[in-house]
Every structure is written in C-alpha cells, then in structure tokens.
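See structure below.
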Amino acid sequence: MDGGPLGETESGPDSDRVLLDVQTAATREILEALGRAGTDPSGVLDTIIDRAVHLCRAQVAQLYLVDGDTFRLSRISGDVPADFIRYVEDHPVGRSRESLLGRVAEDRCTQQITDVLQDPDYGRHDLQSLAGFRTLMSAPMLLHDEVIGILSVWRTEAQPFDPAEVDVLSAFAVQAAIVLRQVELVGALEARSGELAAKVTQLEVLREIGEAISSTLDLDEVLGRIVSGAVRLCWAAGGSIMEYDAAADCFRVRATAGGSLALTDRLRALTIRRSTSPVGRAAVERSTLVVPDLASASRDEHLDILLADGWRSLLAVPLVRQDQLVGALVIRRRRPGDFGADTPELLRTFANQSGLAVVNARLFGELDTKRAELEVASRHKSEFLASMSHELRTPLNAVIGFSEVLLDRMFGDLNPRQEEYLRDIWTSGRHLLELLNEILDLSKVEAGRMVLEPSLVSVRACLDYVLSLVRDRAAAHAIDLGLEVADDVGIVWADELRLKQVVLNLVSNAVKFTPDGGAVRVLATREGEDVVVRVSDTGVGVSPEDRERIFESFQQGRRGAPTEEGTGLGLTLSRRIVTLFGGTLWLEPQTVGSVFAFRLPLPPVEPAIEGDADSLSTVLLVDDDRASLDLMTAYLAASPVRVLHARDGHEALSVSRTAAPDAVVLDIRLPRMDGWEVLARMKADPATRSIPIVVASIIDERQRGLQLGAAAYLLKPVRRDDLLDALRGHGLELEGSEVALP
C-alpha cells in the first residue's frame with residue numbers, strides 16, 4: 001500500500017482527503033488479498049492486522065474472537081513478548097468492563113484508553129506488566145449486530161490515537177468481520193464437503209459389498225463377504241458374524257475377518273448362549289451393543305476369548321429379516337474407545353441389507369439340498385421303474401405271443417368262450433405293455449435321458465401314418481377321420497418317432513372319447529417358423545375343472561366311463577416330449593367336444609420342385625446365418641438347380657445322406673457341429689465321400705480345408721462369379737433361367 005501513516009497535525013479538507021485515500025487503498029489491498037486467498041481467506045486477517053499496525057502507528061495489533069464469555073487471541077502482529085502470548089492463551093480475557101475488550105464488546109463501538117496506568121477502571125495490569133503497553137484502542141467486529149471479535153492496537157507510550165486512526169481501525173474491524181464470516185462459511189463448506197465425500201465413499205462401499213454379496217448364494221461365502229464388508233465399511237480391524245439357532249437358542253460364529261486362524265477356530269468351536277452372552281441378549285432384543293472397553297465390561301466366554309487375543313472394543317448389531325432374527329454382526333478394534341455416532345447407524349443399515357442376503361442364501365442351500373435329495377429319489381425311482389418294466393416285459397411278451405399263437409388256432413380249434421377269454425388275455429397284455437412303455441418313456445424324460453434324433457420328416461406322411469393306425473377302430477364306431485395339411489407345412493427337421501408318438505396319443509384319445517357316428521379332425525398349419533397341429537373331436541369334451549388335471553400323471557379326467565381303457569400317462573408324456581422339442585401343448589376352450597393343439601419350432605426344408613427332377617442338379621447350402629443363405633440362394637436364382645438349406649452340422653450330414661446333393665456349399669462356423677467336423681465326416685462316409693464341397697467362410701484356413709478334402713475354398717464376402725465358377729468346376733450345369741428354391 002502506497003500511503004504512509006496518518007499525520008498527527010493534519011486537519012481540514014486535506015486531512016479528510018488523505019484519510020479517504022488511505023482507507024480506499026487499505027480496502028483495495030484487503031480485497032486483493034481476499035481475491036488471492038481462494039478457498040482459504042484466513043490469511044487476509046493477517047493482512048488486516050499488519051496494515052492496522054502501520055496505519056495506526058501502533059506497535060502491536062491483535063485480533064480476538066469471542067468464545068463464550070471470554071476473548072480468545074486469534075492473531076497478533078508486532079513486537080510482542082513471548083510470555084505475553086503464552087499468558088493470554090492460557091488466561092483468556094474475560095468479558096467484563098475491567099478490560100477495554102469488555103467495554104467495546106458491551107458498548108459496540110470503538111474506544112481507546114489514553115493511559116492504562118491512569119485509568120482507575122482498568123483492571124488488567126497483569127497484561128500491561130507483561131507487554132508494557134500504555135495506550136489501547138479497540139474496535140468491535142460486528143456481524144448481524146452481534147460482536148464476533150475485537151480488533152485491538154496498542155502503543156507503549158501514552159499517546160492517544162487521533163480521529164483518523166480511530167476511523168481506520170473501525171473500518172478494518174468491519175472488514176475483518178466480513179473476512180471472518182467468509183472463513184466460517186468456507187470452513188462449514190469444507191466440513192460439509194468432507195461429510196458428503198465420506199457419505200459417497202460409504203455408499204460406494206455399500207454398493208460394492210452389496211454386489212459382491214448378491215453375486216453368490218453360497219451361505220458360507222455370503223457370510224464371509226458380509227463380515228469383510230462390515231470391517232471395511234466401519235474402518236475396524238476385525239469382525240465376525242454369528243448365526244442364530246432358534247431350536248437350540250444359541251449363536252454360533254460362522255465367519256470371521258481380520259483375526260488369526262487360531263482365533264477363528266476357537267470362536268467357531270464356541271456355543272454362545274443367548275441368556276449369558278451380552279451380544280446374544282442385545283441381538284434378541286433387537287438393540288445395538290457398544291463396548292468401548294472390554295477390559296472393564298461384563299464378559300462371557302466369547303468376550304473373554306476376544307480380550308485375551310488383544311481386542312479392546314466391540315460393536316454388535318442384530319441381523320434381522322422380516323422380524324426374524326438371523327444372527328448378529330460384530331466388528332472389533334484393538335484399541336479402547338467409542339465408535340462415534342455414525343458408525344452404529346451405518347452398521348445397522350448394512351446389517352439390514354445383509355439380512356436378506358443371508359436368508360436368501362440359507363433358503364437356496366435348503367432348496368439345493370432338497371433338489372439333490374429329489375434327484376436321488378427320482379433316479380432311484382426311474383431305475384426301479386426301468387428294472388421292473390424290463391423284468392415284466394419278458395413274461396408279458398410270452399403272454400401276448402402265446403395268446404396270438406392260440407388265437408391263430410395253430411394247436412387246434414377254439415370254442416367261442418375260449419376265443420373270448422384268449423382275446424381278453426391278449427388285449428390286457430397289450431394294454432399292460434403300452435403302460436410299461438409309457439412308464440419307461442416318462443422315466444427317461446424325467447431323468448433327462450430322452451434325446452431327440454432328428455431327421456427329414458414329411459409332416460403329411462407322418463400324420464397319414466398315424467391316422468392309418470386308428471382307422472380300423474374309428475371305422476368300427478362309424479367315426480369320420482379327417483386330415484388337412486397346409487401346403488406350406490412341407491418337410492421339417494424333427495424326430496419322426498416322437499412326433500408320431502405325440503400325434504398318435506392325441507388322435508387315439510379323440511377316437512376313444514368320441515361317441516359312435518362322431519368325427520375326429522387333424523389340422524396342420526404353419527405359423528412363421530412353427531408348425532401347429534390341432535386334433536379336434538365331437539366327443540363329450542373336458543370339464544373346466546379338469547382342463548389342467550388331465551395333463552398330470554395317471555389322470556384321465558371325468559369325460560369317459562370309469563372303466564375306459566388308458567394309462568393316464570399319455571397326455572403327461574406328450575406334453576413332456578413337446579417340451580423337449582421346444583414347443584407347447586395345450587387344450588383350447590371349446591363348447592362342443594375338445595381340441596388339443598401343440599406348437600413345435602420346425603422350420604421348413606422344402607423338397608425338390610415339381611417337374612423333371614432328374615434334369616436338375618441339387619446344391620445344399622449350409623450356414624446358420626439367414627442373410628448368408630438368402631444371398632447364396634439369390635446367386636443361384638438364375639440357374640436350373642434345386643437348393644436345399646441346412647442350418648447346423650448335424651442337419652447338414654443328415655440332408656447330405658438323405659438328399660444326395662450334387663454339391664455342398666459349407667460354412668465353417670456352425671452350431672452343434674462346426675464345418676471342419678462336417679467336412680471330415682462327409683469325406684469319411686462312403687455315401688457322401690464323392691460329393692464336392694465348396695467351403696465359404698470368413699475363416700482364412702484354405703490349406704486346412706483343402707487337406708480335409710474341400711473342392712474349393714472361398715473367403716466371405718463371396719462374389720457370385722466366384723461361387724458359380726467353383727460349382728461349375730465340378731460338373732454342375734448352372735446356365736439357364738429356371739431355379740428351384742426351398
């Protein structure tokens with residue numbers, strides 16, 4: 001600051017101008033210092049008292065802050081004896097009129113004492129004797145009409161401060177109050193920021209721990225992660241989690257963190273009784289237990305073990321889920337002392353979240369045990385049924401076989417009664433054999449041992465065959481059988497035997513429960529990639545209460561006579577087989593008769609086009625990507641060829657053997673069986689060895705493909721001319737304008 005100290009003799013307009021210039025310059029300097037201070041404005045207070053010493057021509061300037069009924073020395077500038085500073089720090093100035101600080105605070109205005117040795121009301125001669133001051137001047141620091149501090153200067157000679165110096169100190173006191181307020185605001189902001197940062201850290205830790213806990217359902221692993229997370233969250237040195245056994249009314253330590261293996265073994269071997277354990281009693285009462293010093297607390301064997309291992313303080317909270325006590329969570333430290341106000345609440349919040357994880361893991365463990373037991377029981381049941389079925393099949397075959405021999409009169413004629421009895425024996429034997437077969441199939445499905453064996457199947461031919469099996473029985477009761485297959489159903493890739501088994505069961509039931517003169521209809525349609533088959537009849541129908549029960553094992557509902565033949569397993573087995581296909585089977589709402597329907601995901605594999613098939617070459621395109629199949633098909637659209645599609649390795653092998661294509665275009669990256677395996681198997685099979693195979697793939701392993709027997713190797717994206725040239729090079733006639741597409 002450029003201006004010097006105020007002169008003693010200056011008066012009039014010049015004096016006022018000098019005073020204004022000095023105050024303006026001082027204010028500017030303080031504001032500049034405040035701007036440079038950034039987030040720490042407390043240094044500006046040092047600037048204020050330094051300038052006060054200079055401008056007021058004092059030896060010392062002090063800044064006191066109000067602390068209750070006393071004034072605490074905050075800052076001092078000038079040549080001050082060290083003994084004075086220590087004394088004032090140890091003996092703060094009281095808020096009374098025996099000191100100038102007390103008078104200024106009470107009167108809320110700037111005052112001075114010309115000579116403290118001559119002032120009869122001044123009572124702090126202890127301070128004067130240490131510092132040697134004679135003239136004192138003090139100004140109040142007011143904020144919202146409240147004194148928050150005092151700015152004071154002194155001279156060691158009895159020389160009063162002039163009015164200009166009084167005004168300067170008063171102005172500095174106002175500025176100091178503003179700066180002090182900013183210091184408080186910055187401090188509060190930093191404290192709040194620190195609290196928020198701590199909360200964010202806690203929430204982040206809670207999130208990480210929550211994710212770790214929810215990532216597993218193994219109870220021991222969940223408990224271990226909970227106690228480790230609690231120790232980390234609360235900045236503890238160790239912890240343990242105790243599980244409550246309601247039947248035994250005791251707690252057992254299941255997991256620990258931060259302790260030695262010997263301590264863990266001792267704690268796990270311990271039975272902690274609820275009635276004698278402080279931790280247990282607190283958990284049962286749903287309260288938090290804080291033990292600042294284990295050495296002076298009432299202890300049980302659990303706490304004695306912890307104290308002997310060097311632990312001094314403990315915090316425990318209950319683990320509760322839906323008012324059910326799950327256990328207790330304990331954290332501990334090796335030093336005595338309280339855990340603060342926030343830690344118990346934080347641990348309670350964490351414990352509430354962890355209780356659900358413990359309950360879920362416990363339930364999962366129980367379910368897993370039950371599942372394993374049920375699997376064993378199911379396996380034993382399936383093995384028993386399979387064994388008994390095989391044991392019964394041998395004598396049953398003899399019963400059926402000898403009945404047929406006798407009915408064929410190979411050993412002589414039969415009278416009518418003998419024939420009737422033999423036919424009953426034969427019919428009952430066939431019925432029992434059907435029951436055994438269905439039990440075996442059902443046991444295979446339940447044990448997961450039934451595997452579909454897909455092949456190319458004509459849906460129309462499959463349904464025709466099924467109807468041929470029941471046509472005689474339907475004709476005997478004048479039941480009209482009808483079949484309708486949509487043109488776009490075509491040929492599919494399916495397990496023909498299991499498909500026939502499902503349809504036969506539905507059609508047989510329809511014929512069985514349809515009265516004489518009725519009708520049974522079978523309808524097959526295509527809905528996108530799915531085939532939907534409906535079997536309808538004009539029988540008595542199914543009552544609403546039986547619509548789901550009939551799909552259960554050994555249930556027939558109440559739509560037939562009590563003596564109606566049947567095992568009660570057909571619909572159960574049919575639904576299981578349809579599920580194996582990846583489809584669904586259901587009973588549609590119907591006012592007259594019944595309609596059973598099932599949907600199977602069976603994409604079409606079209607046969608050759610009508611006409612002279614011998615004049616057309618066949619190309620099999622093998623790729624699991626529909627866009628690639630469409631592109632290759634478009635490339636062949638101008639050629640008189642028959643195009644077949646296969647979408648995986650198994651389908652490619654089956655179609656190659658069944659349709660005997662003239663060439664195969666093969667991708668390498670295929671589901672179920674990759675192209676390398678398909679190529680090797682086709683070249684090893686005499687039935688397909690001579691078929692030229694053109695590899696079209698993004699995998700650049702041309703040498704490997706040629707070594708395995710590929711006729712050509714093309715890298716995707718494949719150009720049309722390259723594909724046609726590769727196929728022409730192996731005898732295919734591709735010129736022309738006709739095309740056969742699937």
Side-chain angles (χ1 to χ4, degrees), residues 209 213 219-220 222-321 323-355 357-358 362:
I209 297 171
I213 292 174
L219 182 57
D220 290 332
V222 167
L223 295 176
R225 291 183 177 183
I226 288 174
V227 68
S228 298
V231 169
R232 176 187 172 195
L233 188 65
C234 299
W235 301 95
S240 57
I241 190 165
M242 300 158 47
E243 187 177 18
Y244 179 61
D245 184 348
D249 194 21
C250 66
F251 294 83
R252 291 183 175 86
V253 175
R254 289 291 302 269
T256 64
S260 64
L261 292 177
L263 175 64
T264 299
D265 292 340
R266 293 190 65 188
L267 291 176
R268 286 183 171 175
L270 188 64
T271 298
I272 303 172
R273 299 293 177 186
R274 175 190 60 82
S275 57
T276 59
S277 168
V279 175
R281 288 197 301 269
V284 172
E285 295 169 1
R286 310 296 196 270
S287 61
T288 300
L289 175 67
V290 180
V291 182
D293 190 353
L294 284 172
S296 60
S298 174
R299 300 186 301 275
D300 64 339
E301 186 179 2
H302 171 220
L303 300 186
D304 284 337
I305 291 175
L306 294 179
L307 181 61
D309 197 63
W311 302 96
R312 294 298 305 275
S313 55
L314 175 145
L315 171 63
V317 297
L319 287 173
V320 180
R321 180 60 184 170
D323 202 36
Q324 175 188 359
L325 180 62
V326 177
L329 181 58
V330 180
I331 62 170
R332 52 187 186 265
R333 294 172 178 168
R334 294 193 178 276
R335 66 178 188 277
D338 204 350
F339 285 83
D342 296 334
T343 302
E345 182 62 31
L346 181 63
L347 193 61
R348 280 193 295 269
T349 301
F350 179 65
N352 291 336
Q353 296 176 352
S354 302
V358 174
R362 182 185 291 173

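Given the structure is predicted, the values throughout are model-derived calculations rather than measurements. Numbers here are sequence positions counted from 1.
Atoms OG1 and CD, on Thr271 and Glu301 in that order, are 9.0 Å from each other to the nearest 0.5 Å. Atoms OG1 and CG, from Thr256 and Asp265 in turn, are 8.5 Å apart once rounded to the nearest 0.5 Å. For the atom pair CD1 of Ile241 and CZ of Arg252, the computed distance is 15.5 Å after rounding to the nearest 0.5 Å.
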Check: residues 308-320 side-chain donor-acceptor pairs under 3.5 Å, at least two apart:
from	atom 1	to	atom 2	distance (Å)
Asp309	OD2	Trp311	NE1	3.1
Arg312	NE	Asp293	OD1	3.3
Arg312	NH2	Asp293	OD1	2.8
Arg312	NH2	Asp293	OD2	3.2
Ser313	OG	Arg335	O	2.8

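Atom CZ of Arg299 has more than 12 neighbouring heavy atoms from other residues, nucleotides or ligands inside a 6.0 Å radius.
Nearest heavy-atom pair, Ser240 versus Val227, reported as atom, atom and distance to 0.1 Å: N-CG2, 3.3 Å. Residue Ile331 comes nearest to Cys234 through the heavy atom pair CD1-CB, 3.5 Å, listed as atom of the first residue, atom of the second, then distance. In terms of heavy atoms, Ala341 sits closest to Pro344 at O-CD, 3.7 Å. Residue Met242 comes nearest to Val330 through the heavy atom pair SD-CG2, 4.0 Å, listed as atom of the first residue, atom of the second, then distance.
Contact of the Pro278 side chain with the Leu289 side chain is registered, since non-hydrogen atoms from C-beta on lie closer than 4.5 Å. Counting heavy atoms from C-beta on, the side chains of Leu346 and Phe339 never come closer than 4.5 Å. Side-chain contact between Leu303 and Leu306 is present, with heavy atoms from C-beta onward closer than 4.5 Å. His302 is listed as a side-chain neighbour of Leu267, based on a closest heavy-atom distance under 4.5 Å.
Here the rule is side chain to side chain contact (heavy atoms under 4.5 Å, CB included) with Leu347, and of Thr288, Asp342, Leu329 only Leu329 fits it.
Put simply, the side chain of Ser287 never gets that close to the backbone of Ala283: no donor and acceptor are under 3.5 Å apart. No donor-acceptor pair under 3.5 Å is formed between the side chain of Arg274 and the backbone N or O of Ile272.
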